[in-house]
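Everything below concerns the one structure shown next.
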Amino acid sequence: VCPNNVAHTIGRVKLIDENKSSSSLVDVVVSTTGEEDNYTSIAEAFSDGNINVFVKNGAYVETSDIIIPNYGKLIGEAPGSVTIVLGSGAQIKADGSSGLKETAGTVGVTRNSSTITGSGTTFTNLSVNNYILIGNNYYKIAAITNATSLDLDVAYKGPTKSGLSYIAQPMFTGVTINNVVIANSSSTGLYCRAVRHSHVYDIATVGNSTNIHIVDSGDCNFGTITSLDSTVGAGLHVENCMDLLFNCCKWVCVILVGIL
């Protein structure tokens with residue numbers, strides 16, 4: 001929420017004043033009446049190829065997955081005032097992996113070199129601009145020479161080592177989810193896989209089987225998150241992630257466990 005008379009830009013959404021919003025800088029506006037851009041479905045707005053979707057206050061029943069793309073933004077009008085009810089096992093999903101994850105073999109790194117040497121690896125399954133996690137850092141892949149050699153877009157600055165485990169995959173960057181209540185999915189309310197440098201804030205997840213599931217991701221910020229009453233799984237389930245920052249988050253009355 002912005003102070004009165006101060007404009008703040010989030011992606012292409014420009015918010016002005018404490019309780020007013022201008023949707024002129026987003027790709028589309030979703031509303032319960034479809035009065036602005038003929039969209040009443042958030043899932044449809046994204047499936048039509050829009051990147052930045054602004055949702056007006058109201059309740060939305062979605063029976064198809066809401067698929068957020070690379071650099072995609074799902075911005076609600078006001079905290080607590082946009083409720084997304086997920087039926088038929090639908091989820092809100094940001095998955096940059098394209099179903100690909102390479103972990104076979106090990107890698108060797110040399111200080112101040114951009115070349116990564118593999119042993120038992122299949123780097124040829126990867127593509128330029130995918131990412132490789134070495135230690136605690138993700139590096140963008142600039143070139144792939146063969147199954148056991150690739151180059152980063154920057155020189156590796158850590159110590160020279162061999163026999164290291166790694167994760168290599170496509171990833172999304174810059175996903176933003178803000179000002180929504182995610183409710184009642186019989187699957188996972190919010191599923192994030194292979195995302196980096198992304199932001200989720202001012203959201204509530206209520207009554208989903210698992211409220212939030214984050215996999216193979218890193219360098220992401222989660223702020224002012226409330227997770228209530230997951231019905232089967234965890235309020236928050238995190239797998240194989242690095243450098244996730246949680247600030248002002250609350251996990252309440254989950255059936256299995258608050259954080260897994």
Side-chain angles (χ1 to χ4, degrees), residues 10-13 23 26-32 34 36-56 58-77 82-101 127 129-131 169-218 220-222 225 233 236-241 244:
I10 306 172
R12 294 175 61 207
V13 179
S23 57
V26 301
D27 294 329
V28 293
V29 174
V30 178
S31 66
T32 56
E36 294 197 37
D37 290 315
N38 297 317
Y39 283 105
T40 58
S41 167
I42 303 165
E44 183 181 358
F46 279 113
S47 67
D48 281 352
N50 297 294
I51 304 298
N52 299 316
V53 173
F54 182 83
V55 184
K56 287 198 162 184
Y60 300 83
V61 178
E62 301 283 349
T63 55
S64 298
D65 287 345
I66 297 172
I67 307 295
I68 299 178
N70 197 21
Y71 294 102
K73 292 176 175 55
L74 168 58
I75 308 295
E77 184 174 2
V82 174
T83 299
I84 303 171
V85 180
L86 297 168
S88 303
Q91 304 172 303
I92 297 178
K93 298 178 70 174
D95 185 351
S97 72
S98 300
L100 175 63
K101 177 180 174 181
S127 300
N129 295 325
N130 288 174
Y131 287 84
Q169 61 186 351
M171 297 188 80
F172 281 172
T173 300
V175 170
T176 298
I177 302 170
N178 174 226
N179 287 352
V180 294
V181 178
I182 304 166
N184 294 357
S185 174
S186 60
S187 181
T188 298
L190 174 59
Y191 179 78
C192 297
R193 178 181 175 188
V195 297
R196 58 185 292 276
H197 293 181
S198 296
H199 306 274
V200 178
Y201 56 102
D202 287 325
I203 74 165
T205 55
V206 183
N208 305 287
S209 179
T210 293
N211 278 335
I212 302 173
H213 191 181
I214 310 167
V215 187
D216 297 332
S217 300
C220 298
N221 295 324
F222 295 80
I225 310 295
L236 170 66
H237 186 181
V238 177
E239 298 181 69
N240 299 324
C241 294
L244 302 182

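In this text, all values refer to a predicted model and were calculated from it rather than measured experimentally.
The backbone N or O of C241 lies less than 3.5 Å from no partner atom in the side chain of D216, so there is not a single donor-acceptor pair. Panel note: side chain S185, backbone A90; a donor-acceptor pair is recorded below 3.5 Å. The closest donor-acceptor contact from the side chain of D95 to the backbone of S97 lies under 3.5 Å.
Looking at L236 and I214, their side chains come closer than 4.5 Å, going by heavy atoms from C-beta outward. Side-chain contact between I92 and I68 is present, with heavy atoms from C-beta onward closer than 4.5 Å. Counting heavy atoms from C-beta on, the side chains of D27 and V53 never come closer than 4.5 Å. Inter-residue side-chain proximity for C220 and S198 is flagged as met; some heavy-atom pair is nearer than 4.5 Å. Contact annotation: the side chain of Y60 approaches that of V82 to within less than 4.5 Å [non-hydrogen atoms, C-beta and beyond]. Under the 4.5 Å side-chain criterion, counting only non-hydrogen atoms from C-beta, E62 is in contact with I42. In this structure the side chain of Y39 reaches within 4.5 angstrom of the side chain of E44, judged on heavy atoms.
Under the side-chain contact (heavy atoms from CB on, under 4.5 Å) rule, L74 has a single partner from N179, I84, V175, N52, which is I84.
Distance check: N211 CG to I182 CD1 gives 8.5 Å after rounding to the nearest 0.5 Å. Atom CG of residue N70 and atom CE of residue M171 lie 10.5 Å apart, to the nearest 0.5 angstrom. Interatomic distance, NE2 of H197 versus CZ of F172, reported as 16.0 Å (0.5 Å rounding). A distance of 11.5 Å separates OG of S209 from CG of N184, quoted to the nearest 0.5 Å. In this structure, L86 CG and L190 CG are separated by 9.5 Å, a value rounded to the nearest 0.5 Å. The line from NE2 of H237 to OG1 of T188 is 9.5 Å long, rounded to the nearest 0.5 Å.
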Let's go through I225 and V200 carefully: what are the C-alpha distance in whole Å and the side-chain angles of both, what is the deciding distance for side-chain contact (heavy atoms from CB on, under 4.5 Å) to 0.1 Å, and is it a yes or a no? CA-CA 8 Å; I225 310 295; V200 178; 3.9 Å; yes
Between E36 and S31, is a side-chain hydrogen bond (donor to acceptor under 3.5 Å, both in side chains) present by the stated rule, with each step listed? CA-CA 8 Å; E36 294 197 37; S31 66; over 6 Å; no
Could you walk me through whether F222 and I203 pass the side-chain contact (heavy atoms from CB on, under 4.5 Å) check? CA-CA 9 Å; F222 295 80; I203 74 165; over 6 Å; no
Please determine whether side-chain contact (heavy atoms from CB on, under 4.5 Å) holds for the pair K101 and N240, giving the CA-CA distance in whole Å, both sets of side-chain angles, and the decisive distance to 0.1 Å. CA-CA 12 Å; K101 177 180 174 181; N240 299 324; 3.5 Å; yes
Evaluate side-chain contact (heavy atoms from CB on, under 4.5 Å) for Y131 paired with T173, printing each intermediate quantity in order. CA-CA 11 Å; Y131 287 84; T173 300; 4.0 Å; yes
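The aromatic rings of Y191 and H213 sit perpendicular to each other, their planes meeting at more than 60°, with 30° as the lower class boundary.
When all heavy atoms of F54 and G76 are compared, the pair lying nearest together is CE1-O, 4.2 Å. Here the closest heavy-atom approach between residue T40 and residue G34 is recorded as CG2-N, 3.5 Å. Scanning both residues, A183 and N208, for their nearest heavy atoms gives C-OD1, 3.3 Å.
Every residue meeting the side chain to side chain contact (heavy atoms under 4.5 Å, CB included) condition with I67, not counting sequence neighbours, appears here in chain and number order: D65, K93. Every residue was checked against the side chain to side chain donor-acceptor pair (under 3.5 Å) condition with N130, not counting sequence neighbours, and none meets it.
The residues E239 and R193 are annotated as not salt-bridged, no charged nitrogen and carboxylate oxygen being separated by less than 4.0 angstrom.
No donor-acceptor contact under 3.5 angstrom links the side chains of T176 and N178, judged on distance only. Q91 and S187 are linked by a side-chain donor-acceptor pair at a separation below 3.5 angstrom, with hydrogens and angles left out of the test.
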